[in-house]
There are 2 protein chains.
Amino acid sequence: MLSPEMNMKPPKRKALEAAGWKVGTVKEFLNLTDAEEAYIEMKLSLARELEETRKAKHLTQKALAQLLKTSQPRVAMMEKADQSVSIDLLVRALLQLGTHLRLAA
Amino acid sequence: MLSPEMNMKPPKRKALEAAGWKVGTVKEFLNLTDAEEAYIEMKLSLARELEETRKAKHLTQKALAQLLKTSQPRVAMMEKADQSVSIDLLVRALLQLGTHLRLAA
DNA sequence: AGACAATATATCAATACTGATATATTGTCA
DNA sequence: TGACAATATATCAGTATTGATATATTGTCT
């Protein structure tokens, strides 16, 4: 997870602000540029797509790992869009699953 | 990494045919899977997008390299979708240029 | 509760990617 | 043609990513 504030629902946020806390966005908190934010969001989208696709095919992480010729722990990292996972890896995994991906301007 | 055959440079199809060879598609010749082919095409389209964007902004490779904090030779490789260039690098470059990349699954 | 399957986390050696440098080639214009 | 700008190619050290292993945690049963 990037930071606790990320999952904060509006009510909680209001409460914090009432208590004197200044709560900004995760992006502000981490000093992310627009490009960095877009990159992370793209990775998160791919990760979610991978997990959804796996579940739609009724595969465990272990079974998917065998299909992709990698390990269950790496699949877990992929689905969490871990920092150690590249967009390349996610894209290749989805393409191997037959997903018709389009990544364009 | 993709299969080893993918590192092969595209054969000169015309030359082969002129010499009497019957050849199929590059994909067949290199034994590319659908996934490998899709991966390459995605990289190529990102590379083209980068070059077009650079030219639209009237930048030389050297100038773009400075913007991206890399070198002119690397920009040349990126625009050629060289095997040493990842989709990650291309995506980050485009995002830094303000390109709004869309991901369609 | 215990037993088992599924998922998550930590670590690390091997490999792949990246930026940089040097150099070569190509393109343009006087 | 020569001089110069732009682009391309080769190489390599530093870094990041990858697959694997071991282990821990979580979830789902009876």
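Convention: sequence-line order gives letters A, B, ...; per-chain numbering from 1.
The separation between B:Tyr39 atom OH and C:dC17 atom C1' is 10 Å, rounded to whole Å. Rounded to whole Å, the distance from NZ on B:Lys55 to P on D:dA6 is 13 Å. Between the CD atom of A:Glu79 and the C1' atom of C:dT7 there is a distance of 9 Å, rounded to whole Å. What separates CZ of A:Arg74 from P of C:dT15 is a distance of 16 Å, to the nearest Å. The interatomic distance linking A:Gln72 (CD) with D:dG19 (P) rounds to 14 Å, in whole Å. Taking atom CG of A:Leu89 as the reference point, atom P of C:dC17 lies 11 Å away to the nearest angstrom.
Ranking C:dA6, D:dA20, C:dG19 by closeness to the A:Ser71 side chain, first place goes to D:dA20. Of the candidates D:dG19, D:dA8, C:dA6, D:dA8 carries the atom nearest the B:Lys80 side chain, counting heavy atoms from C-beta on. Listed candidates were C:dG19, D:dT17, D:dA8. Nearest to the side chain of A:Ser86 is D:dT17. When distances are taken from the side chain of B:Pro73 to each of D:dT18, D:dT21, C:dT21, the shortest belongs to C:dT21. Comparing D:dT18, C:dT21, C:dT18 against the side chain of A:Arg92 picks out D:dT18 as the nearest.
Side-chain atoms of A:Arg102 and A:His100 form no donor-acceptor pair, as typed in the model, at a separation below 3.5 Å.
Projected onto DNA chain C by closest heavy-atom contact, A:Leu59 and B:Lys43 fall at different nucleotides, the more 5' of which corresponds to A:Leu59.
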